[in-house]
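Convention: sequence-line order gives letters A, B, ...; per-chain numbering from 1.
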Amino acid sequence: MSTPYLDPKTHLSDLFGQALAQIAPGSACAIELERPKQATHGDWACNLAMQLAKGLKRNPREVAAELIAVLPNSDLIDRIEIAGPGFINVFIKPIAKQRLAGHILKLGAEYGRTGLGRNEKVQVEFVSANPTGPLHVGHGRGAAFGASLANVLAFAGYDVQREYYVNDAGRQMDILALSTWLRYLELCAEFVPFPDNAYQGGYVKLMAEGIFALHGERYKRPAAELLAGAPDRGEAPEEHLDHLIACAKQLLGDDYAYIHNYALTEQLGDCRNDLTEFGVHFDNWFSEKSLHEAGLIDRAVERLQQNGHIYQQDGALWFRSTEFGDEKDRVVRRENGAWTYFAADIAYHLNKFERGFARVIDVWGADHHGYIPRVKGALKAGGADPDRLIVALVQFAVLYRNGQKASMSTRAGEYVTLRELRAEVGNDAARFFYVLRKSEQHLDFDLDLAKSQSSDNPVYYIQYAHARIASVLNGWGGAVADLMEADPARLEHPSELALLGRLAEFPQICDAAARELAPHLIAYYLKDLAADLHGYYVSCQFLVEDEALKLARLALIAATRQVLASGLALLGVSAPDKM
RNA sequence: CUGCCCGUAGCUCAAUUGGAUAGAGCACCAGCCUUCUAAGCUGGGGGUUACAGGUUCGAUCCCUGUCGGGCAGGCCA
């Protein structure tokens, strides 16, 4: 792990630590090493002297000189310079950089792992959309971000669990069940005016037809009984809907559960298929209903109550979330005795930590940001550490077609589904474009660009680099394993050194992506890496007469192919050998 | 009205979380295929990082204020 060639940063950090101990014993100064933007500033830069100068009341350049004087020798270092206000620039010996290609080939897909996570248990919960209809393009971004983030964390050495919270209890599911049943009644020639606020989508009719095909008129009930005493549909639409739901439960009795379950199973199955096709997989589908059935909500609220954070008012139970920085207190049990969604969420989040996760990451749509204080407050009130819950907010994605916003109305049937997007631009482009932006940044998704099979399209740009390498190696026809022993000293061309330098960054990029929950860093890195490869491809011939030079160059591009493949895999994008 | 996020090249966005001369792509201009995939490469112009202060060796980044955009503020989820 601490081989200087593989991990120069740790090695140098160690050296500077020793120097620091001599110059300023007991100093708590952090050793920071950065890769400078400019080549003339060396391979690594350390700002230690400038940090120390303040406390020592000395000129930072003088401090730098002293640090260098006591810095232990290393066969990794070529030379050291003091520059600018007091930077210490370290130049690495060329041979140390040249050896990287062989090291990458030996490590294969393991290259880039840093062990940052120390096998810590982390949960990433994402998507968690209500199973009341097809996933739309907004869910797609959460799916792509969450999946890539989970991959990045796993690669960085965390023990990651991917979880989907299934909202299979509650009013929205009741509305879906009712919608399905009303469509079913239409097939039985029992007509109840279909409410505007019920689910309008064509998939509801399909489910109704499915039930009808299986069971005929078994679930038929008289429409008149459903409508009797119902509040006016126009004046009180929500009350009207609730009335219909209550009637459905009463008229159907035990059969209601069948309709409810049928709709849930269908929609969840559809959602799961959609995500699977998208390359998004979950280790656990956590049922909200199971919280109710196992009595976990009662237990969670009791726990808060024992800690003195629950009070009764207006017939409802309230959580005193204002005590934890929330704007107002929140109801956990309604006047009618039903638990709120929030109550279930308290139980759910307390349960997460009972399952032993050191950290829990929730990926939410940015419109839920106001929800964070109350959930964190509830965790604290329940005796858990709220800092171990990290909420990653994902902003909306806006689709553009022909330079114009594509319709994103939430009215049924008008929104673009994830499935439609995938069909239009392909899974690779969709996965890549979704994570090309910082998650908290609004995303303009250019459909025409994502579809274009040209150099404008960054996905193809990167995949093309991979395919080019595969093509060369295929033309060579030898075994990649033999390239590990190639003579690294033959790699001297500027474009080769640039490529080697880029490859050396990969572990750090992965590290940063994991620490900052920022898979977009991988995407940007891959663009840079592909650019270096294309530059190399144009300026140097690989299959040359000189056998040693040929093998050295093939080793370098084989190593590049490995890193391209590793990076694309983290993003869930394929790495084709031919294009 | 209150809270959170955002404001960087004409457009879409980065910037190693406080580092050195703020970088890419698109668009525009000028070039490179008899050679391993031109879905590629090279060069050029383009900026008071919304604005005004502050913190320090050093600010796109941290603090305050102003302007502009987005999102929230249910006994909905």
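Applying the 4.0 Å criterion to OP1 and OP2 of B/A15, one finds that A/His520 has a side-chain N or O inside that range. Checking the phosphate oxygens (OP1, OP2) of B/C76, a side-chain nitrogen or oxygen of A/Arg334 falls inside 4.0 Å. A close approach under 4.0 Å does occur between a side-chain nitrogen or oxygen of A/Gln441 and OP1 or OP2 of B/A14. At the phosphate of B/C41, OP1 or OP2 sits under 4.0 Å from a side-chain N or O atom of A/Tyr461. Phosphate contact (OP1/OP2 of B/A14, side-chain N/O of A/Lys527, threshold under 4.0 Å): absent.
The aromatic rings of A/His349 and A/Trp364 sit perpendicular to each other, their planes meeting at more than 60°, with 30° as the lower class boundary. Relative orientation of the A/Tyr165 and A/Phe286 rings is tilted, given thresholds of 30° and 60° on the angle between their planes.
Between the base of B/A20 and the side chain of A/Asn89 there is a donor-acceptor pair shorter than 3.5 Å. The base of B/U17 is paired with the side chain of A/Glu516 by a donor and an acceptor separated by under 3.5 Å.
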Worksheet item: Using Watson-Crick and G-U wobble pairs whose two distances are both under 3.5 Å, how do you write the pairing of RNA chain B as dot-bracket, with | for links to another strand?
Response: (((((((..((((.....[...)))).(((((.......))))).....(((((..]....))))))))))))....

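In this structure A/Lys527 satisfies the salt bridge (Lys or Arg N to Asp or Glu O under 4.0 Å) test with no other residue, sequence neighbours excluded.
Ring-centre distance between A/His243 and A/His240: not below the 6.0 Å cut-off.
Using a 4.0 Å cut-off on heavy atoms, the residues of residues 128-135 of chain A that approach RNA chain B are A/Asn130, listed by number.
What separates CZ of A/Arg437 from P of B/A15 is a distance of 11 Å, to the nearest Å.
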